[in-house]
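Step one of this worksheet: look at the structure below.
Here is how names work: the chains are called A, B, and so on, in the same order as the sequence lines, proteins then strands, and each is numbered from 1. What you see below is based on every heavy atom in this structure, not just the backbone, and it leaves out hydrogens, waters and symmetry mates.
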Amino acid sequence: MQIKVIINNRPVTLDVKPDDFLVDTLRKQGLYSVRRGCDTACCGLCTVWLDGRPTLSCSTLSFRAHGKTVTTIEGVRTEAEEFARFMAAEGADQCGYCSPGFIMTVLAMKNELSNPTDADINHYLTGNLCRCTGYQGQLRAVKKYLGVGS
Amino acid sequence: MKYIGKAIAKTDAIAISTGQPVYTEDLAAPNALVVKILHSPHAFARIKSIDTAKARALQGVACILTHKDVPQVRFTLAGQSYPEPSPYDRLILDPVVRYVGDEVAIIAAADERTANAAMKLIKVEYEVFEPVLDFEQAIGHSSVIHAEADLHCNFDIGMDASRNICTSHKIEVGDVEQELKNCDIVLEETYYTQAQAHAMMETYRAFSYLDHTGRLVVMSSTQIPFHVRRQLARALGLPASKIRVIKPRIGGGFGGKQTGAVEVFAALVTLRTGQPARIIYDRTETFSATTSRHAMRIKVRLGADKDGFIRALDIEGLADTGAYGEHAPTVFAVCGDKTLPLYNKTRAVRYHGHAVYTNKMPAGALRGYGATQGTFALESTVNKLAEKLSMDPAELRLKNLIKEGETCLVYNGKILGSSALDRCIEQGKKLIGWNEKYPRRELANGKVRAVGMAVTMQGSGIAGIDTASAEIRLNDDGNYTLLIGSTDMGTGSDTVLAQVAAEVLETSLDHIIVHAADTDISPYDPGSYASSTAYVTGMAVAQACEDLRRQIISHAAKFLQAAPEQVEFNGEIISAVDSGKSISLAKLAELMVLGAGNRQLVGTATYGSPVSPPPFIAGFAEVEADPETGKIDLINYVAVVDCGTVLNANLARIQVEGGIAQGIGMAMFEDVRYDERGRMQTNNFMQYKIPCRQDVGNITVAFEASYEPTGPFGAKSIGEVVINTPPPAIAHAVYNAVGVSITSLPITPEKVFMAKQSLKKTQ
């Protein structure tokens with residue numbers, strides 16, 4: 001089937017099969033930041049924005065993106081790099097494999113929450129797993145980026 | 001020092017964080033064949049027949065390979081220096097399948113849909129055997145898991161395959177039985193540690209192709225490029241010179257990628273078809289058809305005198321290596337190697353036992369590598385001793401610990417070169433508020449807060465075996481290229497090694513290009529495991545840079561017409577002390593590659609350490625327990641670390657925080673479980689619970705530096721030791737909170753609740 005989607009501000013028409021998942025469709029478009037880390041919507045690696053909201057692309061059928069806007073980290077390069085520098089300053093990037101999905105969730109959180117507490121931040125980001133950092137460095141980076149807490 | 005110890009950001013940080021295509025899957029050719037594996041549904045069976053005709057006939061299928069189509073050479077997937085201690089007990093595909101998930105057929109097709117469709121068309125008839133699923137019943141079981149005649153061991157590892165014993169090991173100094181008799185207090189307890197999954201975020205994957213000269217190129221997310229090359233050479237019957245292994249950025253490893261899980265399948269498809277091929281294990285396959293931590297039963301007998309000096313220690317282990325023996329002998333040995341030296345007032349010590357084959361997924365290397373299991377058992381027993389003596393467990397440890405400059409029974413007279421563990425304990429007590437909080441406080445809401453502790457040690461590299469090489473080139477423009485064969489799994493080791501180079505050469509990091517790793521180009525390195533990269537490869541880098549520095553000075557001296565000892569190099573300018581003449585490094589670099597009679601300057605070094613100096617940690621847990629339900633929340637965790645000199649403040653801290661979180665997972669949540677037919681029940685993140693950011697509480701990390709004389713700038717390792725303390729420290733805190741001693745991991749609310757119930761009955 002054909003779907004019309006705006007991917008990173010670029011309108012495209014894509015041929016997709018009814019059971020294609022968005023993560024695979026986006027990777028086929030060369031958007032390699034979008035990664036599959038599990039098959040059960042648990043890890044958050046595949047997070048992209050669908051109409052501005054963080055969405056798990058591994059469990060979103062591609063046709064559901066029809067008529068919507070999809071944003072990957074490639075589409076918010078400047079903001080992503082700005083936050084990535086905070087991550088790097090904490091050494092919290094580590095293997096980096098979960099970072100694009102994590103950063104997309106952090107940037108969405110910035111739009112959604114004002115002056116969040118540690119608990120608010122951890123709650124919002126719970127669905128983004130990381131096996132390297134133990135989460136503490138990510139939390140420090142997020143807080144410095146948002147300018148909240150000590 | 002300008003670079004050592006500084007919190008320098010990783011050189012690849014922005015690229016990997018912002019999703020640049022730098023990992024194996026991103027770099028695989030889009031036209032590569034998709035390789036899929038048909039896995040065994042049975043825990044133990046012989047393949048009677050496989051009919052692949054229908055699958056082969058499917059349009060788009062490139063090849064289907066079964067046990068009849070593969071070389072018949074047994075090998076090991078363990079990533080260890082040759083000759084590997086792990087037994088050669090595998091075939092690429094074997095007519096006998098030994099666990100649910102064992103490989104039955106390799107399918108290669110033009111795309112994933114076709115490969116999956118072809119898989120469904122393969123008909124396999126099995127003769128099903130009774131599996132061995134309980135590792136305590138494995139020895140002497142009527143089912144023999146490895147009955148084949150061509151099993152091979154490079155060393156005598158105490159294998160008795162007819163009794164399902166993969167390896168046996170014993171180390172004993174003094175007369176343990178006699179010393180135990182002399183002791184005032186003898187404690188005896190049996191502990192169980194579970195299989196744990198690595199759960200790195202990037203699953204296993206490889207991509208292979210033939211280059212323009214017909215050589216096999218394998219790109220893999222691996223910690224061990226050179227060992228993968230050797231495994232492939234043996235398994236595929238190819239000369240190693242015909243194989244090139246490239247490691248791009250890798251998305252986590254934790255020891256999992258020290259075992260060659262998937263490379264051989266893609267490589268075989270490429271050899272048979274001539275086409276590029278890629279294999280990606282999904283999360284289910286990663287959980288169920290690779291490796292996990294060795295589950296262990298550990299019996300500890302500990303004898304002490306009434307003053308609290310530990311005099312005798314007897315540890316008996318039984319490890320479950322699953323269907324194959326990857327890392328079985330070494331993990332089993334490390335469990336003793338990293339526990340027996342910790343307390344050195346002992347008069348007799350012993351560690352002994354077996355690793356046994358079962359019909360479960362193989363065990364392999366995982367951060368901590370046996371020390372984690374041993375630490376849980378030993379430290380839990382030491383905490384029990386403190387209770388028995390009514391002594392503060394911190395005091396008890398300070399009394400017994402091995403100290404800098406001392407030796408111990410199993411060290412054969414070797415001296416411990418560095419330790420700040422005593423200061424780590426003191427500092428940790430302060431940071432957790434031990435004196436105010438130990439052992440417990442009841443809260444107004446009926447819950448209880450309590451603290452517990454443990455200490456641990458690991459090693460740095462494998463003494464006398466693993467040897468790393470490094471090369472550093474002065475480029476024509478005055479910059480450097482550092483060539484190493486180690487793997488940065490996200491730890492930041494490429495950056496840390498560049499810091500070492502920058503320090504020696506007095507240059508800045510942006511003048512150093514780090515290249516790792518490609519077996520055609522990189523100097524030999526055993527790979528990143530056994531806590532060796534900063535320590536072993538780090539020393540090789542430091543020495544290679546010193547070698548280059550000497551060459552720079554001596555060649556510049558010729559241009560300056562001075563004696564080399566009269567020449568100084570400040571990183572940018574080389575100047576003669578007497579004449580005041582000078583030449584810039586950039587100019588020298590240019591002159592060295594121009595014209596006749598010159599040569600590009602290259603510093604090289606190879607380093608292997610005769611010792612494996614231990615890093616130490618004192619870990620402190622504070623939990624909040626609900627005595628009614630057994631629910632446990634971890635509130636605070638404090639880890640104070642002695643890793644010698646800290647090479648990079650931020651990267652070291654993150655290593656500790658990450659390892660502690662992984663240890664918390666092992667202590668409280670993670671458990672690889674099987675059903676009664678040997679099928680893994682925990683093969684996805686729904687069932688297998690790694691900690692999320694709400695589970696880990698506050699982790700506080702501090703360092704107490706020591707100076708390790710054999711390490712680069714005084715450094716020891718840090719990667720593995722960090723996972724060891726949470727299980728015993730949390731078990732101790734739980735005991736202090738609710739009075740039940742949990743001896744099998746993970747410490748779940750159910751276990752705490754049930755233990756409280758049986759405690760009530762006995763009271």
Side-chain angles (χ1 to χ4, degrees), chain A residues 17 19 24 27-28 30-45 72-74 76-77 80-81 83-104 118-119 121-123 125-139, chain B residues 7-10 12-23 25-26 30 112-113 198-203 249-254 280 282-284 488-492 648-662 664 684-686 690-694 696 698-699 701:
Chain A
K17 295 208 165 64
D19 57 348
D24 303 315
R27 281 194 73 87
K28 269 187 206 146
L31 299 166
Y32 290 139
S33 73
V34 189
R35 296 178 188 135
R36 187 191 282 282
C38 70
D39 323 291
T40 47
C42 292
C43 74
L45 260 65
T72 70
I73 202 168
E74 287 90 346
V76 286
R77 211 169 160 84
E81 277 199 17
F83 177 63
R85 281 192 289 276
F86 282 87
M87 294 261 282
E90 294 295 330
D93 39 304
Q94 290 290 287
C95 89
Y97 205 71
C98 70
S99 296
F102 173 68
I103 291 179
M104 290 308 283
D118 285 14
I121 293 169
N122 282 335
H123 181 260
L125 299 172
T126 294
N128 289 86
L129 295 178
C130 167
R131 189 62 153 170
C132 294
T133 63
Y135 306 112
Q136 312 293 307
Q138 292 185 346
L139 181 62
Chain B
I8 289 166
K10 283 174 55 184
D12 53 5
I14 301 301
I16 63 172
S17 292
T18 57
Q20 299 302 303
V22 292
Y23 302 88
E25 185 185 356
D26 309 333
E112 191 157 357
R113 277 170 205 276
H198 306 86
M200 72 297 275
M201 285 298 132
E202 183 201 36
T203 59
R249 298 288 91 198
I250 88 171
F254 310 112
I280 296 173
D282 64 21
R283 186 55 67 182
T284 300
D488 186 335
M489 300 170 249
T491 57
N648 181 312
N650 276 352
L651 295 175
R653 183 183 188 188
I654 293 281
Q655 279 293 298
V656 184
E657 291 170 346
I660 295 294
Q662 217 167 18
I664 291 168
N684 57 57
F685 279 131
M686 294 266 191
I690 67 167
C692 76
R693 60 192 79 231
Q694 310 237 45
V696 295
N698 299 311
I699 301 172
V701 171

Inset, instruction - Scan side-chain atoms only and decide if T126(A) and Q694(B) contain a donor-acceptor pair under the 3.5 Å cut-off. - result: yes

Inset, instruction - Report yes if some heavy atom in the side chain of D19(A) is under 4.5 Å from a heavy atom in the side chain of R113(B); otherwise report no. - result: yes

Inset, instruction - Heavy-atom pairs under 4.5 Å with chain B are the metric here; pick the option from G127(A), C130(A), S33(A) that has the most. - result: S33(A)

Inset, instruction - Give, for atom CD of Q94(A) and atom CD of Q655(B), the distance between the pair rounded to the nearest 0.5 Å. - result: 5.5 Å

Legend entry - Part of E112(B) lying under 4.5 Å from any heavy atom of chain A: neither

Inset, instruction - For the residue pair D39(A) and N684(B), establish whether any side-chain heavy-atom pair is separated by less than 4.5 Å. - result: no

Inset, instruction - Starting at CD1 of I654(B), measure out to CD of Q138(A) and round the result to the nearest 0.5 Å. - result: 8.0 Å

Legend entry - Q136(A) side chain near V696(B) side chain, heavy-atom distance below 4.5 Å: yes

Inset, instruction - Pick one of side chain, backbone, both or neither for P691(B), based on which atoms fall under 4.5 Å of a heavy atom in chain A. - result: both

Legend entry - Side-chain donor or acceptor of R131(A) paired with backbone N/O of Q662(B) under 3.5 Å: no

Legend entry - Distance-minimising heavy-atom pair for F685(B) and T40(A): N-OG1, 4.2 Å

Inset, instruction - Mind checking the SG-CE spacing from C38(A) to M201(B)? Nearest 0.5 Å is all I need. - result: 8.5 Å

Legend entry - Any donor-acceptor pair under 3.5 Å from R249(B) side chain to C95(A) backbone: no

Legend entry - Residue among H198(B), E25(B), Q20(B) with most heavy-atom pairs under 4.5 Å to chain A: E25(B)

Inset, instruction - Output yes when a side-chain donor or acceptor of Y97(A) lies under 3.5 Å from a complementary backbone atom of M200(B), and no otherwise. - result: no

Legend entry - Beyond-backbone contact of R693(B) with L139(A), side-chain heavy atoms, under 4.5 angstrom: no

Legend entry - Partner chain B: residue of R85(A), E74(A), R77(A) with the largest heavy-atom pair count (under 4.5 Å): R77(A)

Legend entry - Student check: side-chain heavy atoms of S17(B) and I103(A) closer than 4.5 Å: yes

Legend entry - Rounded distance [0.5 Å steps], CZ in R283(B) versus SG in C42(A): 10.0 Å

Inset, instruction - Quick one: pull up CG in D118(A) and CG in N698(B) and give me the separation to the nearest 0.5 Å. - result: 8.0 Å

Legend entry - Region of F83(A) in contact with chain B, defined by heavy-atom distances below 4.5 Å: neither

Inset, instruction - Give the member of C692(B), A15(B), G252(B), G253(B) that has the highest number of heavy-atom pairs under 4.5 Å with chain A. - result: C692(B)

Legend entry - From CZ (R36(A)) to CD (E202(B)), nearest 0.5 Å: 14.5 Å

Legend entry - Any donor-acceptor pair under 3.5 Å from D93(A) side chain to I14(B) backbone: no

